[in-house]
Amino acid sequence: TDQYLYDIAPDGQGGAFIVWYDFPSYDIYAQHVLTNGTIAPGWPADGLPVNTAPGQQLWPRMIADGAGGVFVAWMDGSGFSVGDIRAQHLNWDGTRVSGWPEEGLAVCTAEGVQWSPVLDSDGAGGCFIAWSDTRSGVGADVYVQRVNGSGEIAVGWPVGGRQVSSGGGTFAGVYGVVPDGAGGAYVGWKVNYGEGVYEDDVFATRILGDGSIAPGWPAGGNPVCVLPDIQQLTSVVADGAGGVFLAWYDNRTRPAVAYVQRLRPD
C-alpha cells in the first residue's frame with residue numbers, strides 16, 4: 001500500500017504527531033515520534049489506526065491539544081458523493097481520550113458533502129473545526145464547529161456547525177482556522193463564483209467562543225480582497241496580538257505575486 005502524509009503537529013516535548021491515509025484502503029493512521037526519532041511507547045510500529053471504517057477517509061488534519069495529546073479531524077464517506085466530518089482525540093500514549101467514540105466524534109453529518117476540514121485549539125482544551133459544505137444544494141459554504149476536549153459539541157453551538165460564508169450559490173473553500181486569543185477564532189476562505197467566472201476572492205470572519213459572529217464583522221465574511229481575477233488564499237495565521245494575517249497569491253498582475261493582509265479583532 002501507499003501512505004499519503006497529510007499533517008504533523010508538535011507533541012509539546014520535542015517530538016511530533018504525524019497523520020496520513022493509506023491507499024487504496026483510505027484508512028487513517030497516526031504516529032507519535034519522540035525527539036530522538038524513536039516511536040513513542042504504546043504506538044504501533046506501522047502507525048495507530050485512527051479510523052478504518054468502510055468507505056473513504058480523506059483530508060486528515062491534526063493539532064496538538066496543549067496537554068500532550070492531539071486532535072485529528074477528517075472527511076468520512078465516499079469521496080465527493082457522501083462525506084461527513086469526524087474527529088478523534090488521542091492521548092500522548094495513543095489511547096483515546098475518555099468520552100470519545102471509537103469511530104470518531106460525528107462533528108457534522110448533514111445532507112450533502114462536507115470536506116477538507118481544518119482545525120486549531122480553542123485555548124480551553126478543545127478545538128475549532130471548519131470545513132466546506134454542500135448541504136444547501138447550491139454551491140458550497142463554510143461551516144465551523146467547536147468541540148470540547150471531552151468529546152462534546154460546545155454549549156450554544158448548533159448541531160452541524162455554524163455557517164460563516166454568505167452562500168448564494170458560490171463555492172467557498174476553507175483554508176484555515178486560528179484562535180483569536182480571546183476564546184474565539186478567525187476563519188479564512190476562498191470564494192469561487194462558478195463555472196465560466198474567472199475570479200476567486202478572499203474572505204475571513206471572526207467567530208466568538210459562543211458561536212456568534214464577532215461585532216463589526218459582516219454576516220457573510222469580511223471581503224479581504226475582491227479585486228478582479230484570481231486571489232488564491234494560501235495561509236491564515238494569528239498575529240500574536242489578537243488579530244490575523246491572511247496571505248494569497250494574486251493574478252491582478254501577470255505573473256502572479258504574493259500579497260498579505262492583517263486584520264484587527266474589530
Side-chain angles (χ1 to χ4, degrees), residues 6-7 9 17 19-22 25-30 47-65 67 69-91 94-122 124-137 140-165 167 172-174 176-177 185 187 189 207 209-212:
Y6 245 81
D7 211 355
F17 297 102
V19 68
W20 68 89
Y21 72 83
D22 271 18
S25 68
Y26 292 100
D27 293 331
I28 294 176
Y29 289 82
L48 179 76
V50 178
N51 190 289
T52 59
Q56 297 178 353
Q57 290 79 46
L58 296 169
W59 287 293
R61 302 296 297 272
M62 64 180 4
I63 188 72
D65 66 1
V70 68
F71 292 103
V72 184
W74 66 92
M75 170 188 168
D76 185 274
S78 302
F80 280 99
S81 58
V82 177
D84 298 324
I85 301 298
R86 290 187 177 271
Q88 189 58 273
H89 192 187
L90 302 174
N91 290 309
T95 58
R96 278 183 290 112
V97 172
S98 178
W100 287 72
E102 181 178 359
E103 69 278 10
L105 176 70
V107 177
C108 182
T109 59
E111 293 293 325
V113 181
Q114 292 82 45
W115 79 96
S116 194
V118 294
L119 71 165
D120 210 330
S121 169
D122 68 356
C127 65
F128 294 102
I129 304 173
W131 64 90
S132 296
D133 195 309
T134 66
R135 73 181 71 175
S136 70
D141 301 308
V142 173
Y143 283 77
V144 186
Q145 186 59 280
R146 185 180 182 184
V147 178
N148 294 328
S150 57
E152 302 165 340
I153 302 302
V155 174
W157 287 70
V159 174
R162 176 80 66 192
Q163 182 178 340
V164 296
S165 64
V174 66
V177 57
V187 187
W189 65 92
I207 192 164
D210 63 2
S212 62

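What's counted below: heavy atoms across the whole structure, side chains too, no hydrogens, waters or symmetry copies. Position 1 is the first residue of the sequence; numbering continues from there.
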Notebook entry, point to check: Under 3.5 Å, is there a donor-acceptor pair between the side chain of Gln57 and the main chain of Ser25?
Noted result: no
Next item on the list: State, yes or no, whether a side-chain contact exists between Asn51 and Asp76 at a heavy-atom distance under 4.5 Å.
Entry: yes
Checklist line | Distance (rounded to the nearest 0.5 Å) between His89 NE2 and Ser150 OG | finding: 9.5 Å
Note to self: Quick check: closest heavy atoms across Gly55 and Tyr26, and the distance to 0.1 Å?
What the structure shows: O-CB, 4.1 Å
Item checked: Reported CG-to-CG distance for the pair Asp7 and Leu119, which is rounded to 0.5 angstrom -> 7.5 Å
Item checked: Rounded distance (nearest 0.5 Å) linking atom CZ of Phe17 with atom CG of Leu48 -> 10.5 Å
Notebook entry, point to check: Between Ser132 and Ala172, what is the shortest heavy-atom contact and its length?
Noted result: OG-O, 2.9 Å
Notebook entry, point to check: Side-chain contact, heavy-atom cut-off 4.5 Å: Arg61 with Val19?
Noted result: no
Notebook entry, point to check: Of Trp131, Phe128, Trp189, which meets side-chain contact (heavy atoms from CB on, under 4.5 Å) against Val177?
Noted result: Phe128
Item checked: Aromatic contact, Tyr29 with Tyr21 (centres under 6.0 Å) -> no
Notebook entry, point to check: Are the side chain of Thr134 and the backbone of Val113 linked by a donor-acceptor contact shorter than 3.5 Å?
Noted result: yes
Show me the donor-acceptor pairs, under 3.5 Å and distance only, between side chains in residues 100-108 and residues at least two apart or in other chains.
unit_1	atom_1	unit_2	atom_2	d
Trp100	NE1	Gly149	O	2.7

Note to self: With a 4.5 Å cut-off on side-chain heavy atoms, are Ser136 and Asp141 touching?
What the structure shows: yes
Checklist line | Atom pair CD (Gln114) and CD1 (Ile85), whose distance is rounded to the nearest 0.5 Å | finding: 6.0 Å
Check: Looking only at atom types and distance, does a side-chain atom of Asp122 sit under 3.5 Å from a main-chain N or O of Ala124, one as donor and one as acceptor?
Finding: yes
Check: Short question: side chain of Trp59, backbone of Val118 - any donor-acceptor pair under 3.5 Å?
Finding: no
Check: Do Gln88 and Trp74 have side chains that get closer than 4.5 Å, going by heavy atoms?
Finding: yes
Margin query: By the definition side-chain contact (heavy atoms from CB on, under 4.5 Å), identify the one residue from Ile63, Leu90, Val97 that meets it with Val70.
Written below: Leu90
Note to self: How close do Ala110 and Asp84 get, counting heavy atoms only, and between which atoms?
What the structure shows: O-OD1, 4.0 Å
Notebook entry, point to check: Who passes ring-ring contact (aromatic ring centres under 6.0 Å, His included) against Tyr143, sequence neighbours left out?
Noted result: none
Note to self: Using modelled atom types and a 3.5 Å cut-off, is there a donor and acceptor pairing between side-chain atoms of Gln163 and backbone atoms of Ser165?
What the structure shows: yes
Next item on the list: Could you grab the distance from atom CZ of Arg146 to atom CD1 of Ile129, nearest 0.5 Å is fine?
Entry: 12.0 Å
Margin query: Could you check whether Asp210 and Ser212, counting side-chain N and O atoms only, form a donor-acceptor pair closer than 3.5 Å?
Written below: yes
Notebook entry, point to check: About how many Å separate CZ of Phe71 and CG of Asp120, when rounded to the nearest 0.5 Å?
Noted result: 10.5 Å
